Amino acid sequence: MTKLLMPYITGGVRPDWTAYLTAFEDAGADMIEVGLPFSDPTVDGPTIQEASDTALARGATPAAVLADLAAIRVGIPLIASTYANIALRPGFAAALRAARISGLIVPDLPVDELAGLSVPGIEVSLLASPATPDDRLAEIGRRSQGFVYVISVMGTTGERDRLAPSAAALAARVRQATELPVLLGFGISTPEQAAEAAAVADGVIVGAAVMRRVLDGAGPAEAGAFVASLRAALSRPAGVG
């Protein structure tokens, strides 16, 4: 089975930010997570917070990011990520559809409050963490759409020097609760870690490691090369270095 790769970019982080989408697609990404800049990103660590602050300082807004997306064409699914007070605003679903967004991640919207989110035609992917009890995990598995986003470690997003030991056990639990793809994120920082994560999941989500490079000045080609290295690691047979 081909392992799925979803890199992340904060919308509006640079004037040419949409060029990264094409670079990621060309590098072998299967989907791209586009973060809508937000002033108080509660689950995001320092790197994504810095990227969001940078985008906001440039004048980026969720509406402007979605308008940028509406003006381009990308051949792979785009998954928006944002917070509940943006996602629950009137007109948000229409803006997503105009931007040809396929899916949505709202990390601070618990499954209990999912009924309050109305985004017809958009697949809402739910999150599972190591602290999620089995009964709640079963509900997340039933109600998630597109994929289940598995948080490998309790805490915020960010680069880490190794894959959390909790990742494999949690991925196995989630796989028992759903037939959807199980994507592992939070802390996957290198091609080696991506391959390790993909060995226990259906794919990986890589955010902070991508954005660290962008914030440090990597252009679309350089950031795309990093995504290509992740793709190559996921494509190698298990056990091949």
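Note that the numbering runs from 1 along the sequence shown for the chain. What you see is a predicted model; the values in this text were computed from it and never measured.
In this structure, Arg58 contributes its side chain and Gly12 its backbone to a donor-acceptor pair below 3.5 Å. At least one donor-acceptor pair under 3.5 Å links the side chain of Ser125 to the backbone N or O of Gln145. Arg97 places a side-chain N or O within donor-acceptor distance of the main-chain N or O of Pro120, the cut-off being under 3.5 Å. Arg100 places a side-chain N or O within donor-acceptor distance of the main-chain N or O of Ile72, the cut-off being under 3.5 Å. Using modelled atom types, no side-chain atom of Glu33 and backbone atom of Met6 make a donor-acceptor pair closer than 3.5 Å. With Lys3 contributing its side chain and Ala201 its backbone, the two residues share a donor-acceptor pair below 3.5 Å. Distance alone, capped at 3.5 Å, places no donor-acceptor pair between the Arg173 side chain and the Ala169 backbone.
Here the shortest heavy-atom pairing between Pro220 and Ala19 reads CG-CB, 3.8 Å. Leu4 approaches Asp30 most closely through the heavy-atom pair CA-OD2, 3.3 Å. In terms of heavy-atom proximity, Leu183 sits nearest to Val204 at CD2-N, 4.3 Å. Considering all non-hydrogen atoms of both residues, Leu234 and Ala198 come closest at CD2-CB, 3.5 Å. Nearest heavy atoms, Asp108 versus Ala84: OD1-N, 2.8 Å. Scanning all heavy atoms of the two residues, the minimum distance from Ala138 to Ala177 falls at CA-CB, 4.1 Å.
Between Ser52 and Met211 there is no side-chain heavy-atom pair separated by less than 4.5 Å. Annotation: side chain of Leu66 is in contact with side chain of Leu36 (closest heavy-atom distance under 4.5 Å). For the pair Leu21/Leu69, a side-chain contact is recorded, criterion being any heavy-atom separation below 4.5 Å from C-beta on.
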Exercise. Let me see the working for Phe24 and Ile76 under side-chain contact (heavy atoms from CB on, under 4.5 Å), right down to the final yes or no.
Key: CA-CA 10 Å; Phe24 294 170; Ile76 57 178; 5.7 Å; no

Practice prompt. Test Glu50 against Thr47 for side-chain contact (heavy atoms from CB on, under 4.5 Å), laying out the working first.
Written response: CA-CA 5 Å; Glu50 181 184 348; Thr47 300; 5.7 Å; no

Inset, instruction - Let me see the working for Val214 and Phe226 under side-chain contact (heavy atoms from CB on, under 4.5 Å), right down to the final yes or no. - result: CA-CA 11 Å; Val214 175; Phe226 175 62; over 6 Å; no

Could you check Asp202 against Phe147 for side-chain contact (heavy atoms from CB on, under 4.5 Å), going step by step and ending with a plain yes or no?
CA-CA 9 Å; Asp202 299 305; Phe147 59 89; over 6 Å; no

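For the atom pair CZ of Arg143 and CG of Leu180, the computed distance is 13.5 Å after rounding to the nearest 0.5 Å. Interatomic distance, Leu104 CG to Leu126 CG, rounded to the nearest 0.5 Å: 10.0 Å. Separating the CG atom in Leu137 from the OG atom in Ser129 is a distance of 9.0 Å, to the nearest 0.5 Å. To the nearest 0.5 Å, the span separating CZ on Arg89 from OG1 on Thr82 amounts to 8.0 Å. Rounding to the nearest 0.5 Å gives a distance of 8.5 Å between CD of Glu113 and CG of Leu88. Here the CG atom belonging to Asp53 is positioned 12.0 Å from the CZ atom belonging to Phe38, to the nearest 0.5 angstrom.
Note: Phe186 and Tyr149 have perpendicular aromatic rings, judged against thresholds of 30 and 60 degrees for the angle between ring planes.
Using a cutoff of 4.0 Å between basic side-chain nitrogens and carboxylate oxygens, Asp26 and Arg231 are not scored as salt-bridged.
Transitive grouping of hydrophobic side chains (ILVMFWY, heavy atoms separated by less than 4.5 Å) keeps Leu56 and Tyr20 in distinct clusters.
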